[in-house]
Every structure is written in structure tokens, then in C-alpha cells.
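Step one of this worksheet: look at the structure below.
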Amino acid sequence: MHWDIYFSVFPCRQATEPYEKNSKNPKYPVGQYVVASFGWRSHTISDGKPIGSASMAPTLLPNFGNLPQSLALGVLGMPGNTAYFWFSRNMYAQSGETVAVTGAAGAVGSLVGQIAKIKGCKVIGLAGSDEKGKWLVDDLGFDHFINYKTADIDKALTEVAPEGVDCYFDNVSVIYL
């Protein structure tokens, strides 16, 4: 087996640059940042192909200019793509409608709520602490927060959305609504 490139990576999906001084693969030039799904490990040797059927091949990051490469792991990476494409292609929420988001304080849920707000929706975030709820409402602009650990969810939803919920983004695979 011939390995073309050596990466020094951190856990899970990472943005990193080739570790070697001379890359053996012209697709991955030295100094170019790469995103890959290599799992939890300190170092990886890769031939540039996906590892396993659920993995993606190492991908070069575009030049973000003065923006941090870490955006490739968040809003411009998997969480942002999941939030944007799932919301825009599956939810069809319209301005004025009510959207409820579980796992609302997580990487994907927080972005779904912000996209819904941009679309003019009323957004209700469900999360597991009052600190998270404060962040959702005060910093991200969610309209309401429900602490699923302490609230009667049916009662709380009836209070904040008396006309009901139009779209439900289930981010945790638990039926609350």
C-alpha cells in the first residue's frame, strides 16, 4: 500500500495542514489546509481516499482570506451545511411561521434557529439549561426558550405558540412535541 500524504490532526473532522515538508500528492500541496474525517487520533497517514463508506475524502479548504480556518468546522462546514440544506430543502418554513428546534444550543440547532430568524420565522429553542436558553434568546435572537429538563413542554409550547408549531427541527431524535 502506498501512502501519499501525512497529516497531523486533532479529533474528529479537522482542518489541518500537511505535516510533512514535502507532500507526495500534488492534490495536497504543503501549506494548504485540509478537512478530513479521520476520527479520534493524534496523527494520520492518508492516501487521499475516504476511510470507510461513511467518510469523506480529504478536501482542500478554500481561501477564507482573513477569516479563521475554524469556520470550516462550524458555520461553513458540516454543522452549517446540515442546518442550511436541511432547513431550506426540507422544512419550507415561511415568514411568520413558528419553528421549534430541539438541541437548539448545539452546533446545528443554533444555526437552524438563526436561519429561521433570517427567514422571518418565530423561533422556539429547546435546550437543557437556563444558561443555554439565555444565550439562545439574548445572543442569537431566538424568540423563546424552553428548558426541556424543567418545563412541562406541552404547557410551555401552548403559552409561547398558542397557534401551534408549523415546523419542527428534530435535532436529537426524541419526540418532544
Side-chain angles (χ1 to χ4, degrees), residues 10-15 33 35-40 50 52-177:
F10 297 98
C12 304
R13 181 163 291 153
Q14 299 298 325
Y33 283 86
V35 173
S37 296
F38 290 126
W40 191 273
S53 61
S55 183
M56 64 180 233
T59 305
L60 294 177
L61 285 183
N63 183 346
F64 292 156
N66 292 330
L67 299 173
Q69 283 86 15
S70 62
L71 291 174
L73 303 176
V75 70
L76 298 178
M78 181 281 295
N81 281 289
T82 300
Y84 176 77
F85 288 108
W86 187 261
F87 186 86
S88 64
R89 293 187 179 171
N90 294 293
M91 292 191 67
Y92 309 110
Q94 304 297 311
S95 180
E97 291 186 328
T98 300
V99 175
V101 182
T102 59
V108 175
S110 63
L111 294 171
V112 167
Q114 291 175 81
I115 293 167
K117 288 302 297 177
I118 290 168
K119 296 272 193 181
C121 298
K122 175 180 176 179
V123 178
I124 303 164
L126 287 86
S129 77
D130 292 338
E131 182 181 3
K132 291 176 182 179
K134 181 173 175 25
W135 178 67
L136 291 172
V137 173
D138 294 348
D139 295 340
L140 300 187
F142 281 47
D143 297 288
H144 301 282
F145 156 71
I146 297 172
N147 185 332
Y148 69 85
K149 291 181 179 178
T150 60
D152 176 327
I153 295 172
D154 288 337
K155 182 179 177 186
L157 278 173
T158 301
E159 290 173 8
V160 299
E163 292 84 35
V165 172
D166 299 296
C167 295
Y168 172 49
F169 187 85
D170 179 15
N171 201 24
V172 294
S173 299
V174 175
I175 298 175
Y176 290 118
L177 310 183

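Residue numbers start at 1 and run along the sequence shown.
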A161 to I124 - nearest heavy-atom pair and separation: CB-CD1, 3.8 Å
Shortest non-hydrogen contact from A127 toward L136: CB-CD1, 4.3 Å
Heavy-atom closest contact (V123 atom, K117 atom, distance): CG2-CD, 3.5 Å
Set of residues satisfying side-chain contact (heavy atoms from CB on, under 4.5 Å) with respect to P68, sequence neighbours excluded: S70, L71
Separation of T158 OG1 from E163 CD (nearest 0.5 Å): 11.0 Å
Least distance between heavy atoms, M91 atom then C167 atom: CE-CB, 3.3 Å
CH2/W135: more than 12 non-hydrogen atoms of other groups inside 6.0 Å: yes
Contacts of T59 that satisfy side-chain contact (heavy atoms from CB on, under 4.5 Å) - sequence neighbours left out: M56
Interatomic spacing from CD in Q114 to CZ in F142 - rounded to 0.5 Å: 6.5 Å
Minimum side-chain heavy-atom gap I115-Y84 below 4.5 Å: yes
Separation of T82 OG1 from M78 CE (nearest 0.5 Å): 5.0 Å
Closest contact, heavy atoms only, L111 versus A83: CB-CB, 3.6 Å
CG-CG distance between L61 and L76, expressed to the nearest 0.5 angstrom: 9.5 Å
Nearest heavy-atom neighbours spanning N171 and G103: ND2-O, 3.4 Å
Reference residue T98; test side-chain contact (heavy atoms from CB on, under 4.5 Å); the match among D166, V160, L157: D166
Atom pair OH (Y168) and OG1 (T102), whose distance is rounded to the nearest 0.5 Å: 4.5 Å
Interatomic spacing from CZ in F169 to CH2 in W86 - rounded to 0.5 Å: 7.5 Å
